[in-house]
Number of protein chains: 2
Amino acid sequence: MLKKHHEYAKGLLKERNLKATTTRIQVISLISAYKTAMPLSKIQQSLANTDRVTLYRTLNALLEKGLIHKAFSSGEDTYYALCSDSCSTHAHQHDHIHFKCKVCQMVTCEYPEEKVVVSFPGFKVDSLNVSAVGVCGRCA
Amino acid sequence: MLKKHHEYAKGLLKERNLKATTTRIQVISLISAYKTAMPLSKIQQSLANTDRVTLYRTLNALLEKGLIHKAFSSGEDTYYALCSDSCSTHAHQHDHIHFKCKVCQMVTCEYPEEKVVVSFPGFKVDSLNVSAVGVCGRCA
DNA sequence: TTTTTAAATGCAACAATGTTGCAATAATAG
DNA sequence: CTATTATTGCAACATTGTTGCATTTAAAAA
């Protein structure tokens, strides 16, 4: 785990008034180093000596404070990704799409060329969730 | 439970070479009568004297054969809806959007005026999953 | 630096959701 | 109507996530 991510994590936690505990720093560093959205199973593997409960509580805290978000839930595994600055304690603000590559299994946050808009007459759309499965650029 | 749905269910099951067992007919009839996507919790309530395991196996069988699909999974509850004819044993073919109304909690399959298209350069998109949360026409 | 104090951790126990093996039962083909 | 094969119900297990509480840790105050 690189120092770079470690310091970065501490900064993020301070910004959101969360105590910079070992587990929180580890989780953020891990996801940050992972580059793409990281499946819970991998996070658990890497933090095998951390209590299961603590990890759940840590993830919930980071979710609530808008530091990470669930990028994909595919029944078996849930993927977590770091949030952008626009996410806050009160609301997640994502205009990206979660893309899962069925070759390398990686989940990434992608920004489509044109913003996705959907409208049905008579409906008020508050939030739109778009996820896609396919083959990513590297695997194609 | 109306006879209409009962007969309809039997027909669907025969088409897909599934035995027309009581539980299967009940599940299809229920969802059919419910009109919109039905949460698992309600299905369980209605079939309270059916074994938990049997219900799970029934739902899996219907999912696999393309008779129903998961319309929405919101952590707490999973919503099931009947499939259109275009769904088969091999693949689900849906071009609709799952819309959850946060007032009445109903989940419906909606067909937007223009088909949703997303493209990122270099990516091959196989399937796109779009869900929306907001307020439906009746509640607005 | 040491003390204080409020929050986070680890543990045990629990809860919810889903799965497996197997004997009993029900649906359909003959 | 009988034979055959899939489905059912039960018990037990597996997985995933949660709660209460005593102990430990982070960071603010002295």
Side-chain angles (χ1 to χ4, degrees), chain A residues 6-30 37-80 89, chain B residues 6-30 37-80 89:
Chain A
H6 196 281
E7 289 307 314
Y8 173 65
K10 273 189 153 176
L12 287 180
L13 289 168
K14 197 159 229 171
E15 272 177 33
R16 303 290 162 108
N17 292 316
L18 280 174
K19 281 194 181 176
T21 64
T22 313
T23 312
R24 287 178 186 161
I25 293 171
Q26 284 178 322
V27 168
I28 296 176
S29 301
L30 269 175
M38 192 169 183
L40 176 56
S41 58
K42 290 231 182 222
I43 301 176
Q44 285 175 322
Q45 267 174 42
S46 302
L47 272 63
N49 14 6
T50 303
D51 190 82
R52 235 161 46 83
V53 176
T54 301
L55 186 50
Y56 279 121
R57 289 199 268 227
T58 299
L59 289 171
N60 282 335
L62 300 180
L63 283 168
E64 273 171 29
K65 293 286 184 168
L67 288 174
I68 62 175
H69 64 278
K70 286 191 187 182
F72 201 86
S73 281
S74 76
E76 322 96 51
D77 230 331
T78 304
Y79 290 72
Y80 293 93
T89 301
Chain B
H6 196 282
E7 289 307 313
Y8 173 65
K10 273 189 153 176
L12 287 180
L13 289 167
K14 198 159 229 172
E15 272 177 33
R16 303 290 163 108
N17 292 315
L18 281 174
K19 280 192 180 175
T21 64
T22 314
T23 312
R24 287 177 187 161
I25 293 170
Q26 284 178 319
V27 169
I28 296 176
S29 301
L30 268 176
M38 192 168 182
L40 176 56
S41 58
K42 290 232 181 221
I43 300 175
Q44 286 175 322
Q45 268 175 43
S46 302
L47 273 65
N49 15 4
T50 303
D51 189 82
R52 235 160 45 82
V53 176
T54 301
L55 185 51
Y56 279 121
R57 288 199 268 229
T58 299
L59 289 170
N60 282 335
L62 299 181
L63 282 169
E64 273 170 28
K65 294 286 183 169
L67 288 174
I68 62 175
H69 65 277
K70 286 191 187 181
F72 201 86
S73 280
S74 76
E76 322 94 53
D77 230 331
T78 304
Y79 291 72
Y80 293 94
T89 301

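By convention in this document, chain letters (A, B, ...) are assigned in the order of the sequence lines, proteins followed by strands, and residues within each chain are numbered from 1. These numbers were taken from a predicted model, which means no experiment stands behind them.
For the side chain to side chain contact (heavy atoms under 4.5 Å, CB included) criterion with A:Val27, the lone passing option out of A:Thr21, A:Thr22, A:Leu62 is A:Leu62.
Within 4.0 Å of B:Leu40, counting heavy atoms only, lie sugar-phosphate atoms of the nucleic acid but no base atom. Residue B:Asn60 is classed as a sugar-phosphate contact, given heavy-atom separations below 4.0 Å to backbone atoms only. At a threshold of 4.0 angstrom between heavy atoms, the contacts of B:Asn17 with the nucleic acid are absent.
Relative to the side chain of A:Thr54, the nucleotides D:dG9, C:dT9, C:dG18 differ in distance, and C:dT9 lies closest. Closest approach to the A:Thr23 side chain among D:dT19, D:dC10, C:dT9 is made by C:dT9 (side chain taken as heavy atoms from C-beta onward).
Atom CG of A:Leu62 and atom C1' of C:dT9 are 15 Å apart (whole Å). Distance B:Ile25 CD1 to D:dT7 P: 13 Å, rounded to the nearest Å. Distance, A:Leu59 CG to C:dA8 C1': 14 Å, rounded to whole Å. Here D:dT7 presents its P atom at 17 Å from CG of B:Leu47, a figure rounded to the nearest Å. Atom CG of B:Leu55 is separated from atom P of D:dT7 by 15 Å (rounded to the nearest Å). Atoms CD (B:Gln45) and C1' (C:dA16) sit 16 Å apart, rounded to a whole Å. Rounded to an integer number of Å, the gap from CG of A:Leu13 to P of D:dT25 is 18 Å. Whole-Å rounding puts the A:Asp51 CG to D:dT24 C1' distance at 13 Å.
Interatomic distance, A:Gln45 CD to A:Leu40 CG, rounded to the nearest 0.5 Å: 10.5 Å. Note: B:Leu47 CG to B:Leu55 CG = 6.0 Å, rounded to the nearest 0.5 Å. With rounding to the nearest 0.5 angstrom, the CG atom of A:Leu13 is 4.0 Å from the CD1 atom of A:Ile28. Between atom CG of residue B:Leu18 and atom CG of residue B:Leu67 there is a gap of 6.0 Å, rounded to the nearest 0.5 Å. For the atom pair OH (B:Tyr80) and NZ (B:Lys70), the distance works out to 4.5 Å, reported to the nearest 0.5 Å. Distance check: A:Glu7 CD to A:Ile25 CD1 gives 8.5 Å after rounding to the nearest 0.5 Å.
Between the side chain of B:Arg57 and the base of C:dG18, no donor-acceptor pair of N or O atoms lies under 3.5 Å. Interface remark: the B:Arg52 side chain does not form any donor-acceptor pair with the D:dG9 base, using a distance-only criterion of under 3.5 Å.
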Taking only nitrogen or oxygen atoms into account, show me every contact under 3.5 Å that the protein makes with nucleotides 27-29 of chain C, one pair per line with its distance.
from: C:dT28; atom 1: OP1; to: B:Ala20; atom 2: N; distance (Å): 2.8

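One axis for each end of the helix from C:dT1-D:dA30 to C:dG30-D:dC1, each built from five base pairs, and the angle between them comes to 40° at 10° resolution.
Listed by first and then second residue, the side-chain hydrogen bond (donor to acceptor under 3.5 Å, both in side chains) pairs that reach into residues 50-60 of chain A come to none, sequence neighbours excluded.
Judged by distance alone, with hydrogens and angles left aside, the side-chain atoms of B:Arg24 form a donor-acceptor pair with the main-chain N or O of B:Lys19 at under 3.5 Å.
Residue A:Tyr56 places at least one side-chain N or O closer than 4.0 Å to OP1 or OP2 of D:dG17.
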Inset, instruction - Might you work through the side-chain contact (heavy atoms from CB on, under 4.5 Å) test for B:Gln26 and B:Ser46, ending with a clear yes or no? - result: CA-CA 9 Å; B:Gln26 284 178 319; B:Ser46 302; over 6 Å; no
